[in-house]
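Hydrogens, waters and symmetry mates are skipped; everything else that's a heavy atom, side chains included, is used. For reference, positions follow the sequence shown, starting with 1.
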Amino acid sequence: MSSNVLYLIAGLSLLLAVVLPSLLERYAVSAAMVLLLVGAVIGRLPLPDGFSLDPVQIRPDIQHVTELTVLVALMGVGLAIDRPLRLLRRGSWAAWSPTWRLLGVAMPLTIAAMWGLGWALGVAPAAALLLASALAPTDPVLASDVQVEGPRVQRADGQGDDDPVDDEIDEDDDVRFALTSEAGLNDGTAFPFVHLALLLAASGASAPLLARWAAWELVGKLVLGVLVGMAVGWVLAKVAFNASQRSLRLAEQGEPLLALAALIATYGLSEVVGGYGFVAVFVCGMTLRANERSSAYHELMHGVVQRLERLLTLMVLLLLGMAMSNGLLGAMDWRSVVIALALVLVVRPLAGWVALVVRPRPETLPGGLSRAERLATSFFGVRGVGCIFYLAYAAGEHEFAEERWMWSTLALTIVVSVFVHGILATPVMSRLEVRREEQATA
């Protein structure tokens with residue numbers, strides 16, 4: 001395959017990625033499904049000499065590309081969420097109740113269940129924990145069909161979405177809010193369990209090591225990530241909206257690249273001080289969104305991030321599809337099938353249901369979910385690019401005998417998730433919207 005053909009394929013694929021979201025809006029087919037299939041077809045063509053799709057050989061490249069893709073997506077969802085989180089207001093924390101329960105209950109239950117399942121199927125304990133941890137986070141990249149669309153803001157002509165005032169802007173779809181905020185936070189909160197798997201693989205379990213892991217990896221680095229994200233977001237927001245010099249008030253100039261500058265600076269600073277960069281980037285996006293919430297500048301920043309995310313997602317999905325038709329699934333066995341189906345169809349839905357079974361009072365507090373909404377939120381735990389990053393990262397830190405099998409199992413799980421959730425997302429979310437409208441007019 002010549003370089004000219006590659007340019008042609010890349011251009012056509014990018015055009016496909018641009019038109020697919022609006023083209024498939026009414027159908028039970030997601031853009032991710034189509035791009036995976038297109039990638040699989042492209043992968044059957046002769047590849048250029050020296051072009052490898054072996055995840056073990058190109059692991060560092062996989063890690064960097066997926067890392068950037070997840071970071072861009074995290075900034076995007078941070079800017080997209082309309083529901084504020086005011087630290088000193090108890091009601092604000094309570095309105096985020098589904099998020100806290102999905103993070104604090106559903107994710108640990110998912111990791112524990114998948115770890116136990118992998119161990120029972122004969123996978124080494126450390127490898128089983130790594131695979132469970134890598135598969136635990138839901139994805140901010142591939143879950144766009146079940147996430148919030150973007151920030152509601154004040155238009156330049158003074159007419160916004162229902163012409164909202166800052167304090168009145170909130171999410172009107174609690175399912176999309178819960179899934180978006182969960183995906184924004186659990187890509188970082190899965191990191192401690194990946195580190196625990198590396199600890200078990202390298203040194204084994206001991207009380208002092210586990211105590212150190214809990215104090216630093218589980219708590220310390222998470223707190224640092226949150227603090228860095230809040231600090232950078234607050235400083236940049238004050239400069240962009242309220243700087244004394246007009247040249248620094250980027251909001252007035254409509255310069256959306258501040259979002260990318262914030263992303264890179266936040267991630268770099270958080271990693272330098274030892275915090276979780278994924279958490280910091282999401283928190284930074286939320287902090288930026290919390291300032292001048294009706295400003296159209298938020299929409300501009302979200303737009304540029306969303307376009308970059310779409311481009312990176314296209315690359316990842318095409319390469320994943322190409323790799324699938326070039327041996328990525330070669331190490332798959334019956335255990336892979338059991339793990340993929342169990343996670344998507346059983347473990348995540350049950351763990352999510354357990355986490356959400358306690359229902360806040362929806363008539364007095366945002367965040368309350370009906371029975372149908374709890375079922376949907378529990379089920380749509382999409383797996384994707386973040387899972388690939390975690391496995392690439394961990395396999396680069398320690399050699400696992402089961403690495404190729406884990407790559408095959410992880411790829412199969414992502415494919416199952418993309419197709420199952422992609423087929424069901426449109427009809428389920430549409431039905432929930434109809435129910436909300438019926439209840440509102442009743």
Side-chain angles (χ1 to χ4, degrees), residues 54-56 59 62-63 66-67 70 106-139 141-142 183 186-205 213 217-218 278 316 320 323-324 327-352 381-418 420-421:
D54 185 345
V56 177
R59 187 192 307 119
I62 293 174
Q63 179 181 337
T66 54
E67 181 179 34
V70 173
M107 192 175 75
L109 282 179
T110 299
I111 293 174
M114 297 308 297
W115 183 17
L117 177 60
W119 200 347
L121 293 176
V123 185
L129 178 57
L130 172 57
L131 184 61
S133 302
L135 289 172
T138 55
D139 197 73
V141 182
L142 302 185
N186 68 10
D187 260 308
T189 50
F191 240 126
F193 302 98
V194 173
H195 285 300
L196 180 59
L198 292 172
L199 180 66
L200 293 177
S203 308
W213 168 82
E217 303 288 351
L218 187 60
F278 283 0
V316 172
L320 178 59
M324 285 168 49
L328 178 58
L329 299 177
M332 181 181 68
D333 58 18
W334 65 272
R335 299 177 301 172
S336 306
V337 177
V338 171
I339 287 173
L341 295 178
L343 175 64
V344 174
L345 301 178
V346 180
V347 174
R348 159 62 192 209
L350 286 179
V382 181
R383 266 58 190 179
V385 179
C387 303
I388 301 174
F389 165 77
Y390 278 122
L391 182 53
Y393 166 81
E397 295 292 317
H398 183 85
E399 184 177 346
F400 289 87
E402 304 90 341
E403 181 180 354
R404 290 194 179 278
W405 175 82
M406 285 193 288
W407 277 115
S408 294
T409 303
L410 183 139
L412 177 64
T413 306
I414 293 174
V415 170
V416 170
S417 175
V418 165
V420 170
H421 295 133

* Structure fact -> D139 meets the side chain to side chain donor-acceptor pair (under 3.5 Å) criterion, sequence neighbours left out, with none
* Structure fact -> Residue set satisfying side chain to side chain donor-acceptor pair (under 3.5 Å) with W115, at least two apart, ordered chain then number -> none
* Measure the CE-CG distance between M107 and N186 for me, rounded to the nearest 0.5 Å. => 5.5 Å
Can I get a per-line list of side-chain donor-acceptor pairs under 3.5 Å for residues 128-137, giving both atom names and the distance, sequence neighbours left out?
unit_1, atom_1, unit_2, atom_2, d
S133, OG, L129, O, 2.8
S133, OG, F193, O, 3.3

* Asked: Between F278 and G188, what is the shortest heavy-atom contact and its length?
  -> CB-CA, 3.9 Å
* Which value, rounded to the nearest 0.5 Å, describes the distance between R348 atom CZ and R383 atom CZ? -> 6.0 Å
* Asked: Rounded to the nearest 0.5 Å, how far apart are CE of M332 and OG1 of T413?
  -> 10.5 Å
* Asked: Got a sec, which residues hit side-chain contact (heavy atoms from CB on, under 4.5 Å) with R404, two or more places apart in sequence or on another chain?
  -> D54, V56, A331
* So, for S417 and G381, which heavy atoms are closest and what is the spacing to 0.1 Å? -> OG-O, 4.2 Å
* Structure fact -> Nearest heavy-atom approach of E217 to P192 is O-CG, 3.3 Å
* Asked: Judged by atom type as modelled, is there a donor-acceptor pair below 3.5 Å linking the side chain of W407 to the main-chain atoms of L328?
  -> no
* Can you find a pair of side-chain heavy atoms, one from Y393 and one from I62, that are under 4.5 Å apart? -> no
* To do: Identify, with sequence neighbours excluded, every residue that meets salt bridge (Lys or Arg N to Asp or Glu O under 4.0 Å) alongside E402.
  => none
Below 3.5 Å, can you tabulate the donor-acceptor pairs from side chains in residues 335-346 to any protein atom, sequence neighbours excluded?
unit_1, atom_1, unit_2, atom_2, d
R335, NE, D333, OD2, 3.0
R335, NH2, D333, OD2, 3.0
S336, OG, D333, N, 3.3
S336, OG, D333, OD1, 3.3
S336, OG, W405, NE1, 3.1
S336, OG, T409, OG1, 2.8

* Measuring from L200:CG to H195:NE2, what's the distance to the nearest 0.5 Å? -> 13.0 Å
* To do: May I ask you to decide if the ring planes of F389 and F191 are parallel, tilted or perpendicular, using 30° and 60° as cut-offs?
  => perpendicular
